[in-house]
Amino acid sequence: MDWDFYFYVAETLLGWSRDSFFNSTPAHWLKQYIMHLKFTNPKALNPEKEVHYLDQTPFL
């Protein structure tokens with residue numbers, strides 16, 4: 001049950017077999033999943049970071 005999400009992503013979204021899933025590293029799987037998200041929904045991941053300065057934060 002814990003691995004169901006990872007198997008689903010690897011088999012369904014990335015088109016991998018279970019053998020290729022077990023032969024990949026977690027970093028490779030994550031990079032491929034992020035690339036899939038960027039390709040299918042580019043607005044889902046916003047790489048720009050907002051910078052907040054001290055004068056923009058409320059002091060309570």
Next on the checklist: So, taking the atom named CZ in Phe7 and the one named CZ in Phe22, what distance separates them when rounded to the nearest 0.5 Å?
Outcome noted: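 Answer for the CZ-CZ pair, Phe7 versus Phe22, is 3.5 Å.
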
Next on the checklist: Treating Thr12 as the side-chain partner and Tyr8 as the backbone partner, does any N or O pair qualify as donor plus acceptor under 3.5 Å?
Outcome noted: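 Present.
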
Next on the checklist: Test of understanding: with side chain to side chain donor-acceptor pair (under 3.5 Å), list the residues that count as partners of Thr25, not counting sequence neighbours.
Outcome noted: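 Thr25: no side chain to side chain donor-acceptor pair (under 3.5 Å) contacts found.
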
Give every donor-acceptor pair under 3.5 Å between a side-chain atom in residues 28-42 and any protein atom, sequence neighbours left out.
| from | atom 1 | to | atom 2 | distance (Å) |
| --- | --- | --- | --- | --- |
| Thr40 | OG1 | His36 | O | 2.9 |

Checklist entry - Is there a side-chain contact between Trp16 and Ser24, using heavy atoms and a 4.5 Å cut-off? => result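 Answer yes - side chains close enough.
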
